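Here's the structure we're looking at; comments come further down.
Quantities reported herein were computed from a predicted structural model and do not represent experimental measurements. Protein chains get the first letters and strands the later ones, always in sequence-line order, with residue 1 at the start of each.
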Amino acid sequence: MEIEKSFDAKKIQSKWYKHWTKNGYFSSIPNEKTPFTIVIPPPNVTGILHMGHMLNNTIQDVLIRKARLEGFNACWVPGTDHASIATEAKVVKHLKEKGIQKEDLSRDKFLSHAWDWTEKYGGKILDQLKRLGCSCDWSRTKFTLDSDMSESVIKVFIDLHEKGLIYRGYKMVNWDPEAKTTLSNEEVVFVEEETKIYFISYKISESDDEIHVATTRPETIFGDTAIAVNPKDTRYQKFIGQNASIPILNKSIPIISDDLVDPEFGTGCLKITPAHSENDKEIGDRHNLELLDILNDDGSLNHFNLHYSGMDRFEARKKIVVELNSMGALIKSEPYVTKIGRSERTNCIIEPRLSKQWFLKMEKIAKPALNAVLNNEVQFFPKKFKNIYRNWMENIRDWNISRQLWWGHRIPVYYYTNDKNNYVVAENIDEALKLINQKKGFEYVNKEKIYQENDVLDTWFSSWIWPISVFDGIRNPDNKDFKYYYPTNDLVTGPDILFFWVARMIVSGYEFKKNKPFNSVYFTGLVRDKLGRKMSKQLGNSPDALKLIDKFGADSVRVGLLFSAPAGNDLLFDESLCQQGKNFSNKIWNSLRLLKSWTVSEKLSEPKTSTIASKWFESKFNSKLNDVEDFFRKYRISDALITIYKLIWEDYCSWYLEIIKPNYGESIDQVTYKKTLMYFKKCLKILHPFMPFLTEEIWSLIKDQKESSIIISNWPNIGSIDSNYIENFQHTQKIITNIRKFRNVNGISVNKRIELLSKNKPDYNFEFKEIVLKLVNVSIEFNNEKINNNLSSIMVESKEYFISNNFELKDDLSNIRQQLDYNLGFLKSIQSKLNNKKFVDNAPKQVLLNEQKKERDTLEKIKILENKLSK
RNA sequence: GGGCGCUUAGCUCAGUUGGUUCAGAGCACUUGGUUUACACCCAAGGGGUCGGGGGUUCGAAUCCCUCAGCGCCCACCA
């Protein structure tokens, strides 16, 4: 069969993906096998695939494909998130472009636009994951706004409310003036920015004195209700109890004292705006100060602000500064660097604002989740996130779960009077009606008099139950799927949503199911460019994920990403990594071509070189597979991949194939051929999770008739490892290397050498193999001799030399002490080695006996030294 | 301010309880090589005071102290 010289990924990718789905290899239903489950971190429904997704989902696919090969019932549940703020913002923007204002639409009308949008653009990202090769069970695809998923969310809300964990509170919250909604603390990102600090003079009433305050927010002066100084601050003692006048407004406010004021900062005088600062609120509460909210929902100033009413807050700041200056109330302004909070979604500067919102009490329900991670019931990889998690969970604050948006799960709270303190919580309006009419003291009401809360729930309030709700475990706790798949095995996600999502999922798992949602969490790093910068649209340094797949093939991009992605470490991505992946594909492809080019003879005996090579390779393969398994256990996916990469490229191609390949024009014996085919298949199997398309294609070209797809073949077992063979061969490799070096140094090329050796039949394989054969024999003898001489093959010679030299006693007492210490130390090292399970398991008997003898010798030596010393 | 982590080859990083896989890997680089699977290749090679200083130890990349630099999380900042 003619096989093309280089591997073309494009030609085969969609073919195999169709093959896999058509045969249902991805789908999973509960059976007698052990399940292995992963739920996808649901991407935004209207999102598009970026590098972070690619990394994250490649890792999940590697884990799930490996589990499938290992014979688990592998189930990877895909889905998308409605992402309320992000999607609503997109829809609002889209409508605006069409000349439609959200404010002009009814809730229902807006939602129908949002659904149109979602249907048009939604789920594209899932198709993109297919191109990457992700083996999700697509029949289980979920969307957080699906009716069953929504019902679960509502049920959970009702449950928590009944437990008294949900309350409506008037608190300082983060207000996003662009999205016009509140945000949870986690949704606010603080970044240091350059701004200005203004020093403003307030006149003391009925006096010529004035008091100076420092503020970065002069536009809030109309919300001031006091000026505070530290009670111990001698400079301002005289003012305490007096009044000062707000410039422009000429409103008189009291000067009070409070410990919270830092005399060192600014002027030592703090203007108090209780409605727009947490600290000020605290001080305000202590002194019974009035709360003056001076902002509109969109961030413009409201009617309290005289001629600034309706003006945007930053515009007003400029104008107010000008006015203050012109009236002499502005002392000075200085550049100032402070941390500004911005909305994670809209990037808009957030306003602290007092507002009535729904909150979930976290402290009590967080405890089991904290303990679960501390005692490793849920394991974090890498471990460092355990402490970060602990820190957050131990200081957890109540979760603001309401959002002033329409796109999302509408809070199931029904009011039945104008007083919002009178409400019921129910699954729907009919249930609500029943509940209301059961209440004593209320006359019969009908549906028209009931109105539902306008706010929707935070997006994360639906995703925090994702591992439960995708299996319908909230509505039907006893259903087969949920009982079978939950708890899931691994969660793969970025550390940026540790608090948003991971922590809360663990909380919800224990709260609703008394069980963890997953065994392990693998935190990926951030994908950066090769200069270490974050990928961003502005910088234009984020490669188009799909173009990369087109250019290099999905397999190459997958391994390109994984080559340098140790868990939790940021990944500096560069296209050259994909090129490396592509080169690897080609290397493997060509080893297939080599195999296919051979004619197999009838001969049933293999040459001695082949016997040696195959025995060596078997041991080598097993020992590397052992390493790979170990890396997987530690979730060191990159290391596992690199181990396989080297095993295939160096050990299989460069050494094994070079040794066994027949001379030019000759055929290969059956035994060697069959073994080689077997080794190749084993290599492909362990590579399959990383490079599914390539391995499936090659598999199809070499498999037996009775064998089916590689995707459902089996993960190889670790066979016996004969370390003698590995070591002997290592020795041989060294000698061969030296010969090659010698040849290079002398500048004689292989071809020239061949010419010299034989003018009739140029064959460097011949020469190479002769050398191998001779050297292997020599080295086996050499090593056996070593063992017979009671010299451990794992002891480095130099060390032996060192030790034997130090055993020679000098008649110098000052040296004896030192020698004693040396020997004690050496004894310790031998003993620790003999206690080491790994060493005992792997060392040949003779080596062990040898070590024990050394131990005895050392003890003897120590006795002699001690005797000498005591004399 | 509280917490966590990092600093090892030109780059990205491994390096388990201190010793014998301890100074490593991949990439990059240098040199030599294509009539025979693969130049998307083969072979050989150069490169590091393990951030600085101090300590413990017979022995330190590894443990302790200290200094310097970098990063992350939380809180606060008029």
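For A37(B), the OP1/OP2 oxygens have no side-chain nitrogen or oxygen of Lys5(A) closer than 4.0 Å. Checking the phosphate oxygens (OP1, OP2) of C77(B), a side-chain nitrogen or oxygen of Asn279(A) falls inside 4.0 Å. Considering only side-chain N and O atoms, Lys661(A) lies under 4.0 angstrom from the phosphate OP1 or OP2 of A37(B). Side-chain N/O atoms of Ser597(A) include none lying less than 4.0 angstrom from OP1 or OP2 on U36(B). One finds no side-chain N or O of Arg593(A) lying less than 4.0 angstrom from the OP1 or OP2 phosphate oxygen of U36(B). Between Asn569(A) and A14(B) there is a side-chain polar atom (N or O) within less than 4.0 angstrom of OP1 or OP2.
Each of A14(B), G26(B), C40(B) was ranked by its minimum atom distance to the side chain of Arg636(A); first place goes to A14(B). Picking from C77(B), A37(B), C74(B) the nucleotide with the shortest atom distance to the side chain of Trp392(A) gives C74(B). In the set C40(B), C76(B), C77(B), C40(B) carries the atom at the smallest distance from any side-chain atom of Gln579(A). Ranking C77(B), A37(B), C42(B) by closeness to the Lys339(A) side chain, first place goes to C77(B).
With both ends at atom P, the span from G18(B) to U57(B) equals 16 Å, rounded to whole Å. As rounded to the nearest Å, C50(B) and A9(B) have C1' atoms that lie 11 Å from one another. For the C1' atom pair drawn from G69(B) and A75(B), the interatomic distance equals 25 Å after rounding to whole Å. Comparing the same atom, P, in C41(B) and in A28(B) gives a spacing of 9 Å after rounding to whole Å. For the P atom pair drawn from G47(B) and G33(B), the interatomic distance equals 23 Å after rounding to whole Å. Distance noted for atom C1' between G48(B) and C29(B): 16 Å (whole Å). A14(B) sits 7 Å from U7(B) when the P atoms are compared, rounded to a whole Å. Separation of the P atoms belonging to C11(B) and U56(B) is 34 Å when rounded to the nearest angstrom.
Backbone-only contact: Tyr336(A) has heavy atoms under 4.0 Å from sugar-phosphate atoms and none from a base. Across all strands, Phe563(A) comes closer than 4.0 Å to no nucleic acid atom at all (heavy-atom distances). Backbone-only contact: Thr215(A) has heavy atoms under 4.0 Å from sugar-phosphate atoms and none from a base. Residue contacts for Glu650(A): at a heavy-atom cut-off of 4.0 Å it reaches the sugar-phosphate backbone alone, with no base atom in range. Residue contacts shown for Leu572(A) are limited to sugar-phosphate atoms, with no base heavy atom under 4.0 Å away.
Applying the Watson-Crick and G-U wobble criteria (two distances, each under 3.5 Å), A25(B) pairs with U12(B). In this entry A43(B) has U31(B) as its Watson-Crick or G-U wobble partner, both defining distances falling under 3.5 Å. If you check G1(B) for Watson-Crick or wobble pairing at under 3.5 angstrom, you find it paired to C74(B). Pair assignment for G19(B): C58(B), on the basis of Watson-Crick or G-U wobble contacts that are both within less than 3.5 Å. Using N1 to N3 plus N6-O4 or O6-N4 for Watson-Crick, or N1-O2 and O6-N3 for G-U wobble, each under 3.5 Å, G69(B) pairs with C6(B).
In this structure, Ile388(A) atom CD1 and C73(B) atom C1' are separated by 5 Å, rounded to whole Å. Regarding Phe523(A), its CZ atom lies at a distance of 15 Å from the P atom of G5(B), rounded to whole Å. Atom CG in Asn391(A) sits roughly 12 Å away from atom P in G5(B) (whole-Å rounding). Atoms CD (Glu4(A)) and C1' (A37(B)) sit 15 Å apart, rounded to a whole Å. Put simply, CG on Asp627(A) is 18 Å from P on G24(B), counting in whole angstrom units. Rounding to whole angstrom units, CH2 of residue Trp649(A) and C1' of C27(B) are separated by 12 Å. Regarding Asp639(A), its CG atom lies at a distance of 17 Å from the P atom of U12(B), rounded to whole Å. The distance between atom CG of Leu561(A) and atom C1' of G26(B), rounded to the nearest whole Å, is 16 Å.
Relative orientation of the Tyr389(A) and Phe380(A) rings is perpendicular, given thresholds of 30° and 60° on the angle between their planes. Ring geometry for Phe523(A) against Phe385(A) counts as tilted: the plane angle lies between 30° and 60°, on a 0 to 90° scale.
Thr215(A) places a side-chain N or O within donor-acceptor distance of the main-chain N or O of Arg217(A), the cut-off being under 3.5 Å.
The side-chain heavy atoms of His212(A) and Phe199(A), taken from C-beta on, include no pair separated by under 4.5 Å. Proximity of Cys653(A) to Ser591(A): side-chain heavy atoms (C-beta onward) are separated by under 4.5 Å at one or more points. Counting heavy atoms from C-beta on, the side chains of Leu571(A) and Thr524(A) never come closer than 4.5 Å.
Not less than 6.0 angstrom separates the ring centroid of Phe690(A) from the ring centroid of Tyr645(A).
Taking 4.0 Å as the cut-off between side-chain N and carboxylate O, Lys624(A) and Asp651(A) count as a salt-bridged pair.
Glu658(A) contributes a side-chain N or O that forms a donor-acceptor pair with the base of A37(B) under 3.5 Å. In the interface, the side chain of Lys587(A) is paired with the base of C38(B) through a donor and an acceptor atom under 3.5 Å apart.
For G26(B), the O4'-C1' to base torsion is more than 90° from 0; the nucleotide is therefore anti.
Nearer the 5' end of RNA chain B, as judged by each residue's closest nucleotide, is the contact made by Lys634(A), out of Lys634(A) and Tyr645(A). Comparing Lys384(A) and Cys653(A) against RNA chain B, the residue whose closest nucleotide sits nearer the 5' end is Lys384(A).
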(Q) Before you tell me yes or no, could you show the steps for Glu575(A) and Lys551(A) under salt bridge (Lys or Arg N to Asp or Glu O under 4.0 Å), namely the whole-Å CA-CA distance, both residues' side-chain angles and the distance that decides it to 0.1 Å? (A) CA-CA 10 Å; Glu575(A) 272 199 20; Lys551(A) 186 168 171 192; 2.9 Å; yes
